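As C-alpha cells, the structure follows; a few thoughts come after it.
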Amino acid sequence: MQNNRKDEGISRDYPIQEHMRWQHIEWKLERVGYFLLFAIVILGACGLFSKGILSDATVTSADGALQVDYERFGRRTSDMRMTIRIKPQAVDSVTLTLSGEEMDNFQIQSLQPQPLKSLSQRNSLKLTWAGAELKEGTTVWIGSQAQNAGRYPVTVTLGNATSVHFTHWIYP
C-alpha cells in the first residue's frame, strides 16, 4: 500500500504513457482556473459587471452644493440610475448641466422632477428649474440606458460654479 503512494509521482509508460511533471503543472493550472472562476462569480455578484455594491458610487462637489449617486458599471441597453442632490439655492433659477464627450450614447428614460426648460447643445444637456422650487434643495432622478459599450466620462455642473466628474464603464 505504501509503495503505491510513492509511485504516484513517478512517470510511467505502462499501461499508458504519463509524464508526471506535466500532470502536476496541469493540476496547478486547474486550481488557478477554479480560483479565477470563483473570483469572477463573486465579483459579478458584488456588482463589478452591473448593479451592486462595487458599482454604486457617490461623488460630492468641493463646496458640498452638489452630490451625485451613480452606477460605475452598466450593461449596454440596461437601465442605469443617477440621483443628483442639490443643496438649497437662493437664486431665480437653477441650471444643471450634464456633459461629456459621448453624452449622445445615453438615452434618458426618465427625469424627475421635470425641468422648466431643457436644452441640448453639442455634448451636453442643460436642465433649468425655477429657484423658488429649490429653496429647500432638491433631488433629481435620472434613469438612462447606454447604447454602446465603452468608457464614458461625465461632468455634472450646477450653474456655472460647481461641478463633479465621474466615469461610467459600459459592458456589452
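Every value quoted in this text rests on a predicted model; they were computed, and no experiment measured them.
Hydrophobic clustering of Ile, Leu, Val, Met, Phe, Trp and Tyr side chains at less than 4.5 Å, counting indirect connections, unites Trp22 with Leu29. The hydrophobic clustering, which links ILVMFWY residues whose side-chain heavy atoms are closer than 4.5 Å, places Leu54 and Tyr70 apart. Transitive grouping of hydrophobic side chains (ILVMFWY, heavy atoms separated by less than 4.5 Å) brings Val59 and Ile86 into a common cluster.
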- Query: For Thr60 and Leu66, what are the C-alpha separation, side-chain angles and deciding distance, and is it a side chain to side chain contact (heavy atoms under 4.5 Å, CB included)?
  - Reply: CA-CA 6 Å; Thr60 305; Leu66 181 64; over 6 Å; no

- Take Thr155 and Thr157 through the side chain to side chain contact (heavy atoms under 4.5 Å, CB included) test and state the conclusion after the steps. CA-CA 6 Å; Thr155 301; Thr157 307; 3.7 Å; yes

- Message: Does Val156 form a side chain to side chain contact (heavy atoms under 4.5 Å, CB included) with Leu158? I'd like the steps, not just the answer.
- Response: CA-CA 7 Å; Val156 178; Leu158 179 61; over 6 Å; no

- Show your working on salt bridge (charged side-chain N to carboxylate O under 4.0 Å, His left out) between Asp104 and Arg122 and close with a plain yes or no. CA-CA 9 Å; Asp104 56 347; Arg122 294 184 197 140; over 6 Å; no

- Give the C-alpha distance, both sets of side-chain angles, the deciding distance and a yes or no for side chain to side chain contact (heavy atoms under 4.5 Å, CB included) between Met82 and His168. CA-CA 11 Å; Met82 184 184 318; His168 286 298; 4.1 Å; yes

- Determine, stepwise, if the pair Asp69 / Arg85 fulfils salt bridge (charged side-chain N to carboxylate O under 4.0 Å, His left out). CA-CA 8 Å; Asp69 298 328; Arg85 291 181 175 79; 2.2 Å; yes

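For Glu101, the CD atom is loosely surrounded, since the number of other residues' heavy atoms within 6.0 Å does not exceed 12.
In this structure, Arg76 and Ala149 approach most closely via the heavy-atom pair CD-N, 4.1 Å.
Taking 4.5 Å as the limit, some side-chain heavy atom of Leu125 sits within range of a side-chain heavy atom of Leu127. Considering only heavy atoms from C-beta on, Trp129 comes within 4.5 Å of Pro113 through its side chain. Side-chain contact between Thr83 and Thr139 is present, with heavy atoms from C-beta onward closer than 4.5 Å. Using a 4.5 Å heavy-atom cutoff, the side chains of Ser144 and Gln109 are not in contact.
Not one N or O on the side chain of Gln67 forms a donor-acceptor pair closer than 3.5 Å with the backbone of Gly64. Looking at Ser55, its side chain never comes within 3.5 Å of a backbone N or O of Leu48 through a donor-acceptor pair. Of the possible donor and acceptor atoms, one in the side chain of Glu71 sits under 3.5 Å from a partner among the backbone N and O of Arg81. Of the possible donor and acceptor atoms, none in the side chain of Asn148 sits under 3.5 Å from a partner among the backbone N and O of Asn105. With His165 contributing its side chain and Val154 its backbone, the two residues share no donor-acceptor pair below 3.5 Å.
Evaluated for a side chain to side chain contact (heavy atoms under 4.5 Å, CB included) with Leu98, the options Ile142, Val68, Asn123, Val140 yield exactly one hit, Ile142. None of Gln147, Gln145, Met80 except one satisfies the side chain to side chain contact (heavy atoms under 4.5 Å, CB included) rule with Ile170; the exception is Met80.
Summarising the geometry, atom CE belonging to Met20 is positioned 10.0 Å from atom CD belonging to Glu26; distances are rounded to the nearest 0.5 Å. Distance check: Ser124 OG to Leu119 CG gives 7.5 Å after rounding to the nearest 0.5 Å. Atom-to-atom distance recorded for Arg72:CZ and Thr167:OG1 is 10.0 Å, nearest 0.5 angstrom. To the nearest 0.5 Å, the span separating CG on Leu116 from CD on Gln114 amounts to 10.5 Å. Once rounded to the nearest 0.5 Å, the distance linking CZ of Phe73 with CZ of Phe49 reads 9.0 Å. Remark: Glu30 CD to Gln23 CD distance equals 8.5 Å, nearest 0.5 Å.
Every residue two or more places apart in sequence or in another chain that forms a side-chain hydrogen bond (donor to acceptor under 3.5 Å, both in side chains) with Thr162 is listed here: Ser61, Asp63. The ring-ring contact (aromatic ring centres under 6.0 Å, His included) test applied to Tyr152 returns Phe106, not counting sequence neighbours.
In this structure, a donor-acceptor pair under 3.5 Å is present between the side chains of Thr128 and Thr95.
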